[in-house]
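Working notes, beginning with the structure itself.
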Amino acid sequence: MSGNAYQGGANRLPGKGRLTPAKTVRFSFDGRILTGLEGDTLASALIANGIHLMGRSFKYHRPRGVLSAGAEEPNALMQVSRDSARYQPNVRASVQEIFDGLRASSQNRYPSLACDVGAVNDALSPLFSAGFYYKTFMWPRTAWNKLYEPVIRRAAGLGESPKEADPDHYAQRYAHCDVLVVGGGLAGLSAALAAAESGASVIICDEQPEMGGALHFDTSIAVNGETGFDWAQKTAARLAFMDNVRVLTRTTAFGYYAQNFVGLTERVTDHLALPSPDQPRERLWQVRAKRVVLATGAIERHMVFPGNDRPGIMLASAARIFLNHYGVAIGAKVAVYTACDSAYEAAFDLQDAGVRIPVIVEARDRPGGTLLEEARTRGIEVLTRHAIASTKGRLRVSSIAVVPAGASGKGRDIEVDALIISAGWTPSVHLFSQSRGKVAWDAESGRFLPGVNAQDCVSIGACAGTDDPVALVEQAVEAGLDAANGAGSEMSGRPVIDIDHEGSDAGSWSAGLVGAVGAPESGKAFVDFQNDVTAKDIRLAVREGMHSIEHVKRFTTNGMATDQGKTSNMHGLAIAAETLGKPIPQVGLTTFRAPYTPVTFGTIVGQSRGVLFDPARKTPLHACLETNGAVFEDVGQWKRAWYFPRAGETMHAAVSRECRTVREVAGLFDASTLGKIEVVGPDAAAFLNLLYTNAWDKLEPGRCKYGIMLREDGFIYDDGVVGRLAADRFHVTTTTGGAPRVLHHMEDYLQTEFPHLDVWLTSITEQWAVIAVQGPQARDIIAPFVDGIDISDDAMPHMSVREGKICGVPTRLFRMSFTGERGFEINVPADYGQSVFEALWERAEAMDACLYGTEAMHVLRAEKGYIIVGQDTDGTVTPDDAGLSWAVAKKKPDFVGIAGLKRADLQRPDRKQLVGLKTKDPTLVLEEGAQIVADPNEKIPMTMIGHVTSSYWSENCGRSIAMAVVAGGRSRMGETLYVPMPDRTIEVEVTDTVFFDKQGERLNG
Amino acid sequence: MRKYSIFAIAREAMRGHKGWDRQWSSPEPRSSYDVVIVGAGGHGLGTAYYLAKEHGIKNIAVIEKGWLGGGNTGRNTTIIRSNYLYDESAGLYNHALNLWENLSQELNYNVMYSARGVMMLQHNVHDVQSAKRHIHANRLNGIDNEWLEPDAAKAFCPPLNISSSARYPVMGAALQRRGGVARHDAVAWGYARAAADMGVHIIQNCEVTGIRRGANGDVTGVDTARGFIGAKKVGVVAAGHTSVLMDMAGIRMPLESFPLQALVSEPVKPIFPCVVMSNTVHAYISQSDKGELVIGAGTDQYTSYSQTGGLHIIQHTLDAICEMFPIFSRMKMLRSWGGIVDVTPDRSPILAKTPVKGLYVNCGWGTGGFKATPGSAHVFAHTIANDAPHKINEGFTLERFRTGRLIDEAAAAAVAH
């Protein structure tokens, strides 16, 4: 083959493979421009170009080539980019399809892949035994953080992290189906066809670009008179044409969750040279299926022997895929080392393509059936009961040394330029195990197979241990029909799938678990290639007492690399069991965890980025407030107007002006974010009696009351004004942040504790826009617009509610105040909020009133000593602590929290109680959250008796004001306490919490 | 016990590492012990270690249903910090932090305590108030915790997005420099090795099926998969399964159990220097020495004993991670897993005697028990040995839920206005 000027690489064989020679693709690897063919993976294209050295291992930085041709690849990891922001580390070369302009580079090496200084670790490897780091780097104590860890961290890791924000976007879809078929090989396609032709809705997915699974390499199977691979393509096309079927290629089922919920990730553009900007890079499918059919196949294992990791050594199935699918010969002199019959077919395929097979090293006494004779007939030397003792070749295998099994010595050297290996096949029970199904050890075939199901699923084909293609198709068709039947389909669509199998004898995929049997102790026999775990490491772990397979895994890191042990776990288990002298099932199996293969964060995130990360809630008045210069703050999900600075005004100046104006004239405030719940029904009052500490029976329709809600434990949960609109109808308000959980809390009690009550709860937060008008001129501002409501003090006193019209639209008009001024809260249907606001503001502005935001609101209410739940309370404050014991009905037999309130500690006289604080220096504004002590000279740790909950500059009081919770605070009036700050200690005086208008005259002023 | 050191490794390197001893043995259980600890996680093994080392009690068994360190010890995201608000919590977690600093040397086992700093992000005015309250309280309790403005936070953690156009812009951060991470398996293994060396029996694969009490109501031992094992004192340290075990002794626990998930990314070269937490956008992240981003998710909404959780919880967490660190969008989730956390009504642990004489319980750590491991084990050993709590865990009683004297760390941050 050498010297062949064939398109797409020198090792491409004319007439072999399924790619089109004319369709060439140019890409680069470590800066070198190379040509491959459309449909190539990076691995197949590199091998076609004679490049086997593709990566360096994690720990010893050993040169590595590609081991596999699929998702299980541990070695050939690369950094792949389209442009600087579209960059991806740790990409498996065996999976990444090439496209024009793709840039690939090797990783975890310096300065170059061929010459990596990190390889010094390999020389030092006798020191770097499994878990060595637990035994050293302890002296001196501080050196771990300063010296050892930074060095270890720099040496570890694989590729570089992306450094720029991801410019691509990702999509998400939800889907329901009768049958989800995972895997599009012979079994999966047969099952999907049977189910689909029976009328069931079917989704079938496969991780590869085309359906076919093992038919990619297994050319011995013909279906319905055509090659297996062609049949697979036609079947996939036929399925895709059916209305009840969705065919997803390049789509990996990565996670199997509760109740037949399966996560799939579809790679949409990573194989395209010029993806449309409208296309998502990847798409997450969240599928809920009535039945899941697992046809996930099996993964070939490598042989564990010294020097088994040199570039050019790969799985037999990989060599066969490279040859039969990509038309690439992996070498010119390819030896075989196997304990499994299927490797012979690879050898024969290679030989038929003109590759020399110098030797087949057979670990067993003899292969199955007539393989031995066939090989010898073909002129291939077969050494049974032999092992490979060592290999040579720095950057690619150049020779192997063969010895009789169990023998020592240097053995016979055989020159090769590649070596294919197979220790048998591991059924892919990953998803089955994720579904919480129990795997069972099949002693006869030496493998774990699906055992007891935990969910409505069925495993078929190679993943269920069914190797014979005829039996496999029969099993698959039955599974498909049964799934359709179970989903209620009454049609029967038994498809015709005739198998003609010319291959070797049955059972060829089964080899038992050989571990490292027969491998000499010298040299490095790798079990987990990527993490550089050797057979010796496994044995050492066992020697050190790691007898659970989970301990072995964690101590050696076997199976914890990016391939998650797809090729290594069973070997690790077999070697541990052998060392322990226990049967394999007694050593146990590590848990299979999602995802099956790594999943991009962005795919899982989907559209939840930027503004859609958590959509901001805006009130109906938002745009008006913005027009009027509001600065907004985040309160929960809401954007609330914080303050309204005029040109050149600081926040402090703006807030002071707003506070002053409200008390002198009036102000308008957007109170729409307050939670609103309509509580309706014959038992509405009885329900509120149970949910709030207050009594509601005597509240007349048309009146309002401030209510407090407790948790079961007796601490304040939420508060708000409740208006009674009618005997059976209450308009309940909550805090802004509390709205969702208060409704949840109410529903919880209504449905579980008080189901006998006839009450409906409806969230009406977003149905009403709420404009608070507060200040001495409040009534004058609204009067001209109000229709049908007498708003005089006599007719509508403080704490009342009326229904009528304002500006011609319906309103629930509350007379209430959170500022201590005469005030109204005007509820109008949300869609009218803006126009009502504009009308009111036009008049208010002309009267020199102002708009005020949440900051001024906080100051104004603090001047009056009104609490904010969540600021002055924190979930450890009782109504009495907050000075609100008046709101707790004394005679009610029951309410949520009544028992909690009676607990001894909640009755203690020295509990932290809400008080006012005045700094001795009136210009000093305390920091919220600052701690309070009685003895400023105490040494650290100091006895903290409370903390500042609210603190502001009060323009109206002409000084700073603060609220605080202080132990036994109400009995400390007039006492001097101290607030120790980093730079000084501030003296404060304990006062009551009302700083302004102590008599409350302004409510009607 | 053979001392671990670079010299011991070098010696072993020359003879193929054939000379290493088993780190702990797997002895046949005796018919009875002075103390039986149920649960061989970090807290349980540590308790046995301190009982043997500081209280002279050597006749101890640690009984484990599965494999040691296989519960929450081996499933958490290993964040260590002590900047808690209340005196009781600050005392307990800071005791632990002090022990962390010398734990590798104490156990002669490198637990890789890495004081790389834990930064807690604050995203709104309420967050800031809460963080400042913690910082002031910590300062007066002698615990390091400092305020960082957004620029300083970015300097401390370069991948952080501090753009004011973020959905929840970073308004600042509280940083505890002594906080960090440790290697979770090593903590369990180190305690196991050191305890076994003092004669403690570690009995794995041995489920406790009953807690027996004598005629006077006192504890007499435990029924196990390997038969009855007598004990003068029994300490239950079995996070995720406490309610079930305590029920065997007739004690109903104020606990709810939830699945909690975590995940790691594929490993990459160092990119993330510290630990970052955000309560507001719900994300916890650090980078392991191996290079994986280690990310903690939230609990499921519903109680369950299944050590698995829903994909939507992972989604919510990764949403937050990519929002705060947009460069990680192309990183890949390598492995996700779940554990079961026992949650108390006040989110603080129970480390105490029980109404049953001779029965002690250490539970209720919720999502954050790992950080307390050495401190918890140390004071729990004291409690068992003396039949009375250590001064540090006096407040963490079972009775507090009856009296109302709670230690409500969650409350200070959980109730938004």
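Computed from a predicted model, the values in this text were never measured in an experiment.
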Looking only at the side chains, is there a donor atom on one of [X] and [Y] sitting less than 3.5 Å from an acceptor on the other?
X       : Y       : answer
R183(B) : Y134(A) : yes
E855(A) : W642(A) : yes
T403(B) : D905(A) : no
H136(B) : E927(A) : yes

Mind ranking [options] by heavy-atom pairs under 4.5 Å with chain A and telling me who comes out on top?
options                            : value
R335(B), R330(B), R167(B), Q204(B) : R330(B)
K269(B), R405(B), R22(B), Q315(B)  : K269(B)
A188(B), A13(B), P273(B)           : A13(B)
G142(B), S336(B), G291(B)          : S336(B)
N205(B), V128(B), N161(B), L68(B)  : L68(B)
Y168(B), F272(B), Y113(B)          : Y168(B)

Portion of [X] that has a non-hydrogen atom of chain A nearer than 4.5 angstrom:
X       : answer
A8(B)   : neither
H312(B) : neither
Q23(B)  : both
R402(B) : backbone
S288(B) : backbone

[X] versus chain B, heavy atoms under 4.5 Å apart: side chain, backbone, both or neither?
X       : value
P982(A) : both
L284(A) : side chain
N531(A) : side chain
H551(A) : both
L127(A) : both
A258(A) : neither
F261(A) : side chain
F58(A)  : side chain
E149(A) : side chain
R908(A) : side chain
N145(A) : side chain
A85(A)  : backbone
Q637(A) : both
T600(A) : both

Is any NZ, NE, NH1 or NH2 atom of the basic residue among [X] and [Y] found under 4.0 Å from an Asp or Glu carboxylate oxygen of the other?
X       : Y       : value
D713(A) : R711(A) : yes
K553(A) : D185(B) : no
D21(B)  : R2(B)   : no

Contact leader toward chain B among D614(A), V611(A), V979(A), L540(A), where contacts are heavy-atom pairs under 4.5 Å: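 Heavy-atom pair counts peak at D614(A).
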